[in-house]
> 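This is the structure I want to talk about, given as structure tokens.
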Amino acid sequence: MKKTLAILAFIATSALAQQSDDADYTKQILQFTTDPRFMTEIVDHLPASATIPTPLKFNGYIAGAEGHLTYAEDVYRYMRALEAASPRVKVFSIGKSEEGREMMLVAVSSEANIAKLDRYREITRLLADPRKIPDDQARALIAEGRPMYYATGAMHSPETGSPEMLMELAYRLAVEETPRIQSIRDNVITLITPVLEVDGRDRMVDLWHYREKNPSVPTPPLIYWGHYVAHDNNRDNLGLVLNLSRNVMQAYFDFHPQVLHDLHESVPFIYISTGTGPYNPSLDPLMIDEWHRMAYHEVDELTRRGLPGAWTHGFYDGWAPNYMFWIGMGHNTIGRFYETFGNRWPTTENRIVRAASDRAWYRPNPPLPQVRWSLRNNINYQQSALLFALSDMAANRQRFLEQFWMLGKRAVGKAQSEGPAAWVFDGAQKRQGQLRDLMQLLRRHGVEVHVTDQPYTIPSVVAGASPAPPKPAGEAPAATPKKPPQAITFPKGTYIVRMDQPYSRLADAMLDIQYVRSDERVYDDTGWTLGYLKNVDFKRVTSGDVLKVPMHLWDNTATTTAPAENNADIDYIRQYWSNPKSPRPRIALMHTWQRTQDEGWYRLALESLGVPYTYISTQDASRTPNLRERFDVILFPPSGVNSPQELVNGYPPGPPLPWRKTALTPNLGGVDETDDMRPGLGLSGVQNVQRFVEDGGLLITARDTSTWAIEYGLARWVDTVAPNKLKSPGTIIAATVMDKKSPIAAGYDETIPVYYSGAPIFKVGVREDADRETRPSGRGGKNDPDVPQGRAYVPLPEKPKPGPGEEGFLMPEDAPYNFEPYMPRAEDRPRVIVAFAKNADQLLMSGMLEGGDEIAGKPLVVLSPRGRGNILLFANNPMWRANTQGNYALVMNAIMNWDRLR
Ligand SMILES: [Zn+2]
């Protein structure tokens, strides 16, 4: 019987090998490829079909044709046409973007596999949780199942090739009858989300149409990608607040694929992810090994075919778990990505490569130093490499399923082997809103959260401290405390995150404390410990006894409606804004037309708290002389522009850069619009904002907008200091409340963990307070008095110690009258509300810190009065990527008390 089948299969293969190519399509593939070196035999043709439309037939152009990009909606129409014409294709709608555009998942496999898709989904779902199936059942499922490979495109909107490529790939997988494609089809279920950031994709295609119609003027830059953020849409896997993250997460749990592969475009010609390290310490070594095995397989297949510039290792690190492909990695699925060489526009360009064309140990076959490059070249690389990956999965069908199950099994074993046993969150702690939000977030990630049914005492070794007091810099989080640990009792209702569950590694990656050596090169944030960023108390428990405490799975139904008592809790803020009796200040959130990403996270933060606001641009501020009439508070989030001068001046003079919804650009707008993006805040805007403050308004700035407020003289007697050796690349730092009476700090403990990324450093005062060594060279030591010879010694007078609010504002003792005109009145002086911890050794809470002495004790949050109003300056970013809820109250307390801050 077996033999007969084999013969039949052979006959079928030979018969179908006669399948002819679509001549026109194939001709155009060759036409748009600039050099045969950028081609492989697996994408140099497209097979013809009498019944199934090619992208050329459907759209009027091939994938990668000069001058053509496809709107998301048209990509979907094509995928649905494939589904209608082929039993090998099935389309799923997986949700909507913030602006209501659809997100899609396309499954392609053999007709038999598609018919049994529900069964294969059940198999991967069962394999995902090894606790629930005996090993022999797992082995039977592995033998029966089909692994799934999930490829996603167009996360980053200027990276335009992948949706085009994925249409052609779907067609090829559905139609082609070569042994390679047949094997993929029979053994693998390929899942495709052709466009992740659908709002941004459509705006990008609009801009291409604008550019085609207006070839002689600059094209407006893509200021808005998604509704809220740009490139950071790939940094939402800790917070999960963007629709694309949530939709892909849901799609993930609907299929449990074994590989999740995100397609990006930047460096030449193809970088296949492995990363330089440091790798995230929570990941299973088997996962990391697999990155390398898969990457080298594809590098090898491309290189042996003579394609230049296929490489791995030397780009990205592997550290932070905030990338979208951690939806896979956090759930025992191999997460990976490509960077292929993209031209942004669908045009053929002469490109200079320079540094990336250097040969290196990880790049023995480097890209060419200069090249004529087309969209089709990009697609050839992307599609060929992806097909090699799919072939590899087809050839190792059972291996991928077994590996997936094994990674889950080893994650369940974590509590017993490497530990910890659990993460414990005191159920009675004071910031219940943040605590509940963190537990809900874990659940959204698929992590199980339990609640204790009775009080529980941790008898012995406990590490991983609560925010106060911070641990000494450099001390490993699991180090045994020097003092004998004290027993801690937790009440009934305490949350337990058990480490004997399949997603224990993800929980560990989110909750543990990070340490990054200061000589490492990191690609993104170095520390993100969520217990710190949410300002909740947490404990890392290593003793397995914790798992024996009576507990039940938390189902998130028992939510409290009790009035929140802690002002530094998001429950308190939410209750204030939902209470119709609260005197609500009128808030403007101000953005520039140069960059909107950071303020996008502020919009998300305010909306998550139920806070209404008016969205204005710096151009609006420049045209509104009486801002005070309209607003009580102006919130000016970090702008990301290069300098305060650029913020004021805007873009260089030239033809207008319109950002507006028109017939040609129907997808621009929707967030904000302007006829010309070029003008900045202008000096009139500076003046209007200053008048707003003097008339009693509150201006809140952070990072570079604080620097702007200082340099343009709005905030007086505050200065910035250039860092010297400081390295704090997205680090959690300990800060201290300085003004306990200020309503801004209400609800906070003495120590506040803050996210800080290197600049600015503030200095408050009217003049330098000489703190340097002053004694002359002489006898004795540094602290000995200097004794002139030949007379009786007269000691130096005691230096006056500055009282509260006096630091930097003490009159010089030698000639105070010289200083009188320059000394601000007490009520005009800036007040330090929060400062960095005074002791440099206690600054680092999580991540990397070097040169901490440059910020130790320096002001972090400063209230600068002006006229009848105030400017609140943050040196850090208190509303970052939907992770820093523990800092939200610093902003919101100020807003809610805007007219009584002094
Ligand atoms: Zn990208």
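For clarity, every value in this text was computed on a predicted model and none was experimentally measured. All ligand and atom numbering here is 1-based and tracks the order in the structure.
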> Got a sec, which pairs hit salt bridge (charged side-chain N to carboxylate O under 4.0 Å, His left out) with one end in residues 255-272, sequence neighbours left out?
none
> Going by the salt bridge (charged side-chain N to carboxylate O under 4.0 Å, His left out) test, name the single residue among Glu164, Glu159, Glu73 that passes it with Arg201.
Glu164
> Given a threshold of 2.8 Å, state how many protein N/O/S atoms are nearer than that to the Zn ion (ligand 1).
4
> Is the cationic atom of Arg363 (NZ for Lys, CZ for Arg) positioned less than 6.0 Å from the six-membered ring centroid of Trp311 and within 45 degrees of its normal?
yes
> Do Thr193 side-chain atoms and Val195 backbone N/O form a donor-acceptor pair below 3.5 Å?
no
> Tyr61 side chain to Gly64 main-chain N or O, any donor-acceptor pair under 3.5 Å?
no
> Please confirm whether the backbone N or O of Arg344 pairs with a side-chain atom of Thr160, one donor and one acceptor, at under 3.5 Å?
yes
